[in-house]
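Inspection log for the structure reproduced underneath, given as structure tokens.
It should be emphasised that the depicted structure is a prediction, and the values quoted were computed from it without experimental measurement. Letters go in sequence order (proteins before strands), and every chain restarts at 1.
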Protein chains: 2
Amino acid sequence: MSDLLERLRARGWRLTAQRRVVAEVLDGDHVHLTADEVHARATARLPEVSRATVYNTLGELVALGEVVEVSTDGRAKRYDPNAHRAHQHLVCSGCGLIRDVHPTGDPLADLPSAERFGFAVAAAEVTYRGLCPGCAAKA
Amino acid sequence: MSDLLERLRARGWRLTAQRRVVAEVLDGDHVHLTADEVHARATARLPEVSRATVYNTLGELVALGEVVEVSTDGRAKRYDPNAHRAHQHLVCSGCGLIRDVHPTGDPLADLPSAERFGFAVAAAEVTYRGLCPGCAAKA
DNA sequence: TTCATTGCAAAGCGTTTGCAACGTA
DNA sequence: TACGTTGCAAACGCTTTGCAATGAA
């Protein structure tokens, strides 16, 4: 993640305490927090971080391609810092848990040109839905 | 779509003018309207349709499995009446246009059990993103 | 010093809900 | 007639924005 901070600095980002904390919160694997969760964890480290700043910072990280927005349900967006390795998401229909997965095969290869209707297809997002072990045990 | 109305009646649905209009608006291929667009088209046919009724009716159609909610962006949900044939979506990054597509291959087959982490995977959603011919020409 | 960044609070958008009036079965 | 359905309007959750104060470079 220090990589991230260096990349941001190299892009001329003005590095503030708030931005550093937001970036740190997003560190780690399988992190898919909502903006509100990011705010909660950020204020735990640094009380003076406003919601607006969290939204601003997340939006900028997304624009920079460092973080990806994931809207798994109709609820709040989640932010996925694992933008540099292609992966897909496994979402629990019960509790909303999200896991990163790395399927074999390229989904793009499954879409023949006859089915592209002239679109310049750039990417494919795959979301697998099911019950996580915990929720399956309760059901 | 008359099929739909008959299915609904068979399920004991109380058939009101408002519900019929909402169902009619959703008729046709490649229809992916937001709740607000459904409301606009519904009131064009029948002025006395409230937003609340549109939301209620859409929610019931989703619960009945006749319509599928699609959240392509972080904005308003869209409603896809093509629930009876497996298909995926091609979304234009420029204008938001959505097309149904029917890829070859089953995405579920691309997720080996080692990548399922104990999840009981039930379904896979695939969204292809790119530029439609119109937006590609402008870019 | 300067100008981007911040915090606050209010507004915005899409959606849901409470409740009285309504209309289908 | 009875009970499910409707419309209105207010409340809601999440996100964005205006503006004055702040602070990194």
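Pairs engaging residues 20-64 of chain A under the ring-ring contact (aromatic ring centres under 6.0 Å, His included) rule: His32(A)-His89(A) [sequence neighbours left out]. Within the structure, no pair that satisfies the ring-ring contact (aromatic ring centres under 6.0 Å, His included) test touches residues 100-134 of chain A, not counting sequence neighbours.
Put simply, CD on Glu48(A) is 14 Å from C1' on dT5(C), counting in whole angstrom units. If you measure from atom NE2 of His39(B) to atom P of dG14(C), you get 13 Å, rounded to the nearest angstrom. Taking atom CZ of residue Arg75(B) and atom C1' of nucleotide dG14(C), one finds them 9 Å apart after rounding to whole Å. Between the CG atom of Asp36(A) and the C1' atom of dT15(D) there is a distance of 11 Å, rounded to whole Å. The CD-C1' distance, from Gln18(B) to dC8(D), rounds to 14 Å in whole Å. Across the protein-nucleic acid pair, Glu37(A) atom CD and dT15(D) atom P stand 11 Å apart, rounded to whole Å. Protein atom CG of Leu8(A) is 12 Å distant from nucleotide atom P of dT5(C), rounded to whole Å. The interatomic distance linking Glu60(A) (CD) with dT5(C) (C1') rounds to 9 Å, in whole Å.
When the side chains of ILVMFWY residues are joined at heavy-atom separations under 4.5 Å, either directly or via intervening members, Leu8(A) and Val21(A) end up in a single hydrophobic cluster.
Surrounding CZ of Arg41(A) are at most 12 heavy atoms belonging to other residues, nucleotides or ligands under 6.0 Å away.
Closest-nucleotide positions on DNA chain C for Thr53(A) and Thr34(B) were compared, and the one nearer the 5' end corresponds to Thr53(A).
Looking only at distances, a side-chain donor or acceptor of Thr104(B) sits under 3.5 Å from a matching main-chain atom of Asp110(A).
Looking only at side-chain heavy atoms (C-beta outward), Thr34(B) and Lys77(B) stay at 4.5 Å or farther from each other. Between Arg19(A) and Thr53(A), the closest side-chain pair of non-hydrogen atoms is not below 4.5 Å. Between Arg11(A) and Glu66(A) there is a side-chain heavy-atom pair separated by less than 4.5 Å.
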Contact list (N/O, under 3.5 angstrom) for nucleotides 23-25 of chain C vs protein:
unit_1  : atom_1 : unit_2   : atom_2 : d
dG23(C) : N2     : Arg14(B) : NH1    : 2.8
dT24(C) : O2     : Arg14(B) : NH1    : 3.0
dA25(C) : OP1    : Leu15(B) : N      : 3.3

Short N/O separations, protein against nucleotides 17-20 of chain D, under 3.5 angstrom:
none

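For Ser50(A), no side-chain nitrogen or oxygen approaches OP1 or OP2 of dC8(C) to under 4.0 Å. The phosphate of dC14(D) (OP1 or OP2) has no side-chain N or O of Arg51(A) nearer than 4.0 angstrom.
Each end of the helix from dT1(C)-dA25(D) to dA25(C)-dT1(D) gets its own rotation axis from five pairs of C1' atoms, and the angle between them is 40° to the nearest 10 degrees.
The side chain to side chain donor-acceptor pair (under 3.5 Å) test applied to Arg116(A) returns no partner, not counting sequence neighbours.
Salt bridge status for Glu69(A) with Arg78(A): absent, with no side-chain N to carboxylate O gap under 4.0 Å. With respect to Asp100(B) and Arg85(B), no salt bridge is recorded, no charged nitrogen being found less than 4.0 Å from a carboxylate O.
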